[in-house]
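Just so it is clear: chains get the letters A, B, ... in the order the sequence lines come, proteins before strands, and each one is counted from 1. When reading the values below, keep in mind they use all heavy atoms of this one structure, side chains included, and skip hydrogens, waters and symmetry mates. Fair warning: this is a prediction, and the values are worked out from it, not measured in the lab.
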Protein chains: 2
Amino acid sequence: MVKNTGRPGYLQIADDLREQIRSGALTPGAPLPSTTRLAERYEASLSVVKLAVGVLRNEGLVIGQQGKGVFVRESAAPAPPEASSDELTEIRATLQDLSERLARVESALSDRP
Amino acid sequence: MVKNTGRPGYLQIADDLREQIRSGALTPGAPLPSTTRLAERYEASLSVVKLAVGVLRNEGLVIGQQGKGVFVRESAAPAPPEASSDELTEIRATLQDLSERLARVESALSDRP
DNA sequence: GTAGCCAACATAGTTAACCTAGTTAGCTTG
DNA sequence: CAAGCTAACTAGGTTAACTATGTTGGCTAC
């Protein structure tokens, strides 16, 4: 599940879960799958899942309760209606373009400092 | 250094560093002590120091540069803990700004290679 | 029937080890 | 002298193991 892009795995998982919360797939108050489940689902180690959950916890999107689970915060509102998937894909494409151009500039700079 | 309160060590260290940034003891652009130094100073393991730095990095207060160090961001404007409704427009504005700056760099490189 | 114990599962924190990769200073060699 | 190598440092990512602690459900003993 976790792809071998430059982005580290624990951020990929955090991104995915964050997107599920923003899209409403995970509604406020709903529990996330347990860390072991998430590790199986994303085919990642338990450690990276715990890191990913820690990121979301740090962002205040979720709240962990020892012994029970990790729950989506009530105030975590889903994405606004104008947030269409088309815009998201366009943003991703722009980011991809910027990354590639920046990589070329960086390599050119390292060749001729 | 890390006290045995209920607050976990990596958050105590993050709090302390954040306070140093906020108070001006660590000015923008200034490097934090290396992780090994911080581990010695706070008498903590390297792991908790890395967690603490990761928290600040996630908050946008510092930027880590592999091989060099971790530096206080010039515009210490932390990311909003909660997704605002116009987050998409803000992202688009950021992308626009990045595109323009990158275009200038590219043209400067092509003019003077 | 119920009170209490216990096993299973949950998050959370900590530590240690290993790997990748970038930077820098200094030395060595051609 | 200059190019290049090397060693020592840096951050970052991943994994595994251990501990602590809270929750839950089922079983047992009375």
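For the pair B/Ile13 CD1 and C/dG13 C1', the computed distance is 13 Å after rounding to whole Å. Look at OH on B/Tyr42: it is 15 Å from P on C/dT15, rounded to the nearest Å. Counting to the nearest Å, the P atom of C/dA12 and the NZ atom of A/Lys50 are 9 Å from each other. When the P atom of D/dG22 is taken as reference, atom CZ of A/Phe71 falls 16 Å away, rounded to whole Å. For A/Leu56 and C/dT11, the CG to C1' distance is 14 Å, given to the nearest whole Å. The CD atom of B/Gln12 sits 18 Å away from the P atom of C/dA12 (whole-angstrom rounding). Distance CG (A/Leu11) to P (D/dG13): 7 Å, rounded to an integer number of Å. Between the CD atom of A/Gln65 and the C1' atom of C/dT11 there is a distance of 10 Å, given to the nearest Å.
There is a side-chain donor-acceptor pair under 3.5 Å between B/Asp16 and B/Gln20.
Evaluation of atom-type donor-acceptor distances gives no pair under 3.5 Å for the side chain of A/Ser34 against the base of C/dA10. Interface remark: the B/Ser47 side chain does form a donor-acceptor pair with the C/dA16 base, using a distance-only criterion of under 3.5 Å.
Among the atoms of the strands shown, none is found under 4.0 Å from any heavy atom of B/Gly54.
Both A/Val2 and A/Gly67 lie near DNA chain D, and the one whose nearest nucleotide falls closer to the 5' end is A/Val2. Take the nearest nucleotide of DNA chain D for B/Arg37 and for A/Val48: the residue whose nucleotide is more 5' is B/Arg37.
For the OP1/OP2 pair of C/dT14 and a distance below 4.0 Å, the side-chain nitrogens and oxygens of B/Tyr10 include no atom meeting the criterion. Between A/Thr36 and C/dA10 there is a side-chain polar atom (N or O) within less than 4.0 angstrom of OP1 or OP2. Contact annotation: A/Arg57 reaches the phosphate of C/dA12 (side-chain N/O to OP1 or OP2, under 4.0 Å).
Of the listed residues (B/Thr27, B/Leu61, B/Leu32), just one forms a side chain to side chain contact (heavy atoms under 4.5 Å, CB included) with B/Val72, and that residue is B/Leu32.
Residue A/Val70 places its side chain closer to C/dT11 than to any other of C/dT11, D/dG13, D/dG12. If you check D/dG12, C/dA12, D/dG13 against the side chain of A/Val53, the one that comes closest is C/dA12. Nearest nucleotide to the side chain of B/Ser45, out of D/dT14, C/dG13, C/dA16: C/dA16. Closest approach to the A/Gln66 side chain among D/dG12, C/dT15, D/dG22 is made by D/dG22 (side chain taken as heavy atoms from C-beta onward). In this structure, of C/dT24, D/dG13, C/dT14, it is C/dT14 that holds the atom nearest to the side chain of B/Leu51.
Hydrophobic cluster membership is shared by B/Leu26 and B/Leu11, with clusters built from Ile, Leu, Val, Met, Phe, Trp and Tyr side chains linked at under 4.5 angstrom.
Put simply, the side chain of B/Ser34 gets close to the backbone of B/Arg37: a donor and an acceptor are under 3.5 Å apart. Of the possible donor and acceptor atoms, one in the side chain of A/Gln12 sits under 3.5 Å from a partner among the backbone N and O of A/Arg7.
Residues A/Val48 and A/Ile13 approach most closely at CG2-CD1, 4.2 Å, considering heavy atoms.
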